[in-house]
Colleague: 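Submitted below is the structure of interest, expressed as structure tokens.
Positions are given from 1, in the same order as the sequence printed here. When a ligand or atom number is given, it counts from 1 through the structure's own listing order.
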Amino acid sequence: MNLAAIAELDRHFGIPGIARVVVGNGGLAKVAVNTRETAGEMYLHGAHVTSWQPRDAEEVLFVSAKSRWEDGRAIRGGVPICFPWFADNANDPSAPAHGFVRTKAWQLESIVQAGDAVTVSMFTESNDDTKRWWPADFQLVFRTTFGSELNLELVVRNTGATSLRFEEALHTYFRVGQIEKAQLQGLNAVHYVDKTDSNRKKIQQGSIVIVSETDRVYLNTKGAIELEDQALRRRIGVAKENSLTTVVWNPWAEKAKAMSDFGDAEWTQMICIETCNVSDLAVELAPGQQHRMKALVRVVTRD
Ligand code: TA6
């Protein structure tokens, strides 16, 4: 998008002193939010949230210093939106991992201020390009409220005449001080598929502590999760609605080295806690219907 087009979006949607549409990394357009309560950023590319920092707290989201910022590539970090499939497409190995909406520009729908919170809405819909990969009619709306909490809402509308089956994920990268000093609570006794161990089904016992490459799909989960970060001396809460699966991922050292858009040592500073509906718990949506998945992130305590 050229500078004039970005300036035009700012003129149309911007709220002076609160939320502006500006040029971001790679020349990509982003909405930058700054209120007494919070600061945050969201790119039109992939409707990608890349920053959320409630006042008096450190940045909550991780973004790689080696991320790409270009059309056709996913931003490494923040909140990538995976749709309409998760990970590789079982029916088409040539299809892009995690679907096609995280690598393309979305359209800005609105920026609305309510007190010290700001809601940014973006949308994208099916077209000839998307139908190359997935022959369906749909519209996606993604609303993000930046405030003392971070509210993420993905709405999928079936705008066609046939039923849809899709996977969806808010593939959130949380920043941690030191992964070895972090743990996750809230998934005790939950069944999961271990993607690092031939997709074996296992049961979580106690808290999750990351001690090696971790890539797990927790099944039939509705409850909130807490990320305890001893190094940054804080707890992050992640609650959700209309999501029946949770993915937990850390690439650890070897995988990190193999990723060109990720720093070799950055695995120590992040963990993905993904609010999703994947695998056998994908969503079925009838024509004319919509599905709304929500994640609510908050800094529970800071010492
Ligand atoms: O969410 C976990 C996962 O599916 C991992 O298997 C890993 O591949 C990660 O996503 C990152 O995927 P990406 O396509 O962004 O490199």
Colleague: Could you note down all residue pairs passing salt bridge (charged side-chain N to carboxylate O under 4.0 Å, His left out) where residues 270-285 supplies at least one of them, sequence neighbours left out?
Modeller: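 Sorted pair list: R165-E284.
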
Colleague: Just jot down the side-chain hydrogen bond (donor to acceptor under 3.5 Å, both in side chains) partners of K131, sequence neighbours excluded, or say none.
Modeller: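 Listed in chain order: D137.
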
Colleague: Should the pair D116-R36 be classified as a salt bridge under the 4.0 Å nitrogen-to-oxygen rule?
Modeller: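 R36 and D116: salt-bridged.
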
Colleague: Go through the steps to decide whether K257 and D264 satisfy the test salt bridge (charged side-chain N to carboxylate O under 4.0 Å, His left out), and finish with yes or no.
Modeller: CA-CA 5 Å; K257 284 201 190 91; D264 289 359; over 6 Å; no

Colleague: Considering residues at least two apart in sequence or located in another chain, which fulfil the side-chain hydrogen bond (donor to acceptor under 3.5 Å, both in side chains) criterion with S51?
Modeller: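 So S51 forms a side-chain hydrogen bond (donor to acceptor under 3.5 Å, both in side chains) with E59.
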
Colleague: If we check side chain to side chain contact (heavy atoms under 4.5 Å, CB included) with V278, which of these qualifies: T245, L244, L219?
Modeller: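 When T245, L244, L219 are each tested with V278, the side chain to side chain contact (heavy atoms under 4.5 Å, CB included) holds only for T245.
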
Colleague: Tabulation required: pairs of a nitrogen or oxygen in ligand 1 and a protein nitrogen or oxygen under 3.5 Å; columns are atom names and distance to 0.1 Å; otherwise 'none'.
Modeller:
unit_1: ligand 1; atom_1: 1 (O); unit_2: H171; atom_2: NE2; d: 2.9
unit_1: ligand 1; atom_1: 1 (O); unit_2: E274; atom_2: OE1; d: 2.9
unit_1: ligand 1; atom_1: 1 (O); unit_2: E274; atom_2: OE2; d: 2.7
unit_1: ligand 1; atom_1: 4 (O); unit_2: H98; atom_2: NE2; d: 3.4
unit_1: ligand 1; atom_1: 6 (O); unit_2: D215; atom_2: OD2; d: 2.5
unit_1: ligand 1; atom_1: 10 (O); unit_2: H98; atom_2: NE2; d: 3.0
unit_1: ligand 1; atom_1: 10 (O); unit_2: H171; atom_2: NE2; d: 3.1
unit_1: ligand 1; atom_1: 12 (O); unit_2: H98; atom_2: NE2; d: 3.4
unit_1: ligand 1; atom_1: 14 (O); unit_2: R102; atom_2: NH2; d: 2.9
unit_1: ligand 1; atom_1: 15 (O); unit_2: R76; atom_2: NH1; d: 3.0
unit_1: ligand 1; atom_1: 15 (O); unit_2: R102; atom_2: NH1; d: 2.9
unit_1: ligand 1; atom_1: 16 (O); unit_2: R76; atom_2: NH1; d: 3.3
unit_1: ligand 1; atom_1: 16 (O); unit_2: R76; atom_2: NH2; d: 2.9

